[in-house]
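See structure below.
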Amino acid sequence: MPDEPVFCAKCGETKPRDAFYDQLHTTQPRRPCKTCISSDKRERYAAKDGDKVSHAQVLREKYNLTPAAYEQMLTDQQGVCAICREAETARGRGGAPRRLAVDRDHRTGAVRQLLCQRCNLITWAVEENPSLLDAVRAYLERHTTPREPQPPTRGE
């Protein structure tokens with residue numbers, strides 16, 4: 001029965017069925033409960049180097065990459081964005097620069113290269129709507145004030 005209460009051995013509470021995730025490929029409840037799973041994740045992330053564990057998990061689950069493969073991509077790109085050739089400037093929660101994002105083709109899932117947050121957002125937007133790039137270019141041309149010529153400096 002889907003509304004039948006379920007026992008969570010981790011917290012020792014009996015909770016409604018919707019307090020549990022479904023197991024993969026079945027309607028059986030996944031144990032422990034959602035609250036205990038979230039609590040465990042927060043504890044792991046707060047632990048020393050917890051962000052590295054979390055990053056490794058995202059690389060594996062979302063991109064099918066190992067941390068070593070990510071590091072190799074970073075080395076191959078000399079630590080900078082594949083588009084603008086700049087280091088990441090966006091900051092994470094602790095104030096340190098964020099890692100470069102793994103860019104992938106959203107249709108096929110194929111990993112391309114590492115991008116800074118700004119280029120990753122632009123690439124995503126243009127990939128979703130290619131005519132957007134031309135529209136942005138036209139917009140900037142309409143709203144760009146021409147610069148006055150600068151006088152030559154001495155010695156030119």
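In this chain, residues are counted from 1 in sequence order. When reading the values below, keep in mind they use all heavy atoms of this one structure, side chains included, and skip hydrogens, waters and symmetry mates.
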With sequence neighbours excluded, what pairs up with K62 under the salt bridge (Lys or Arg N to Asp or Glu O under 4.0 Å) test?
none
Residues forming a ring pair (Phe, Tyr, Trp, His ring centres under 6.0 Å) with Y70, sequence neighbours excluded:
H55
Determine whether [X] and [Y] make a side-chain contact, defined as any pair of heavy atoms from C-beta on separated by less than 4.5 Å.
X    : Y    : result
L115 : L100 : no
T89  : Q117 : no
R30  : I37  : yes

Flag for N129-S131: side-chain donor and acceptor within less than 3.5 Å
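A pair is found: one side chain offers a donor N or O, the other an acceptor, under 3.5 Å apart.
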Interatomic spacing from [atom1] in [X] to [atom2] in [Y] - rounded to 0.5 Å:
X    : Y    : atom1 : atom2 : answer
F7   : C33  : CZ    : SG    : 10.5 Å
I83  : R118 : CD1   : CZ    : 10.0 Å
Q72  : Q77  : CD    : CD    : 11.0 Å
C119 : E86  : SG    : CD    : 9.0 Å

Any sub-3.5 Å donor-acceptor pair from T144's side-chain atoms to L140's backbone N or O?
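Yes, T144 side chain to L140 backbone: donor-acceptor pair under 3.5 Å.
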With a 4.0 Å cut-off, would you call K34 and D18 a salt bridge?
no
If a pair satisfies side chain to side chain donor-acceptor pair (under 3.5 Å) and one of its residues is in residues 101-116, list it, with sequence neighbours excluded.
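Non-adjacent pairs meeting side chain to side chain donor-acceptor pair (under 3.5 Å): D103-R112, R112-E127.
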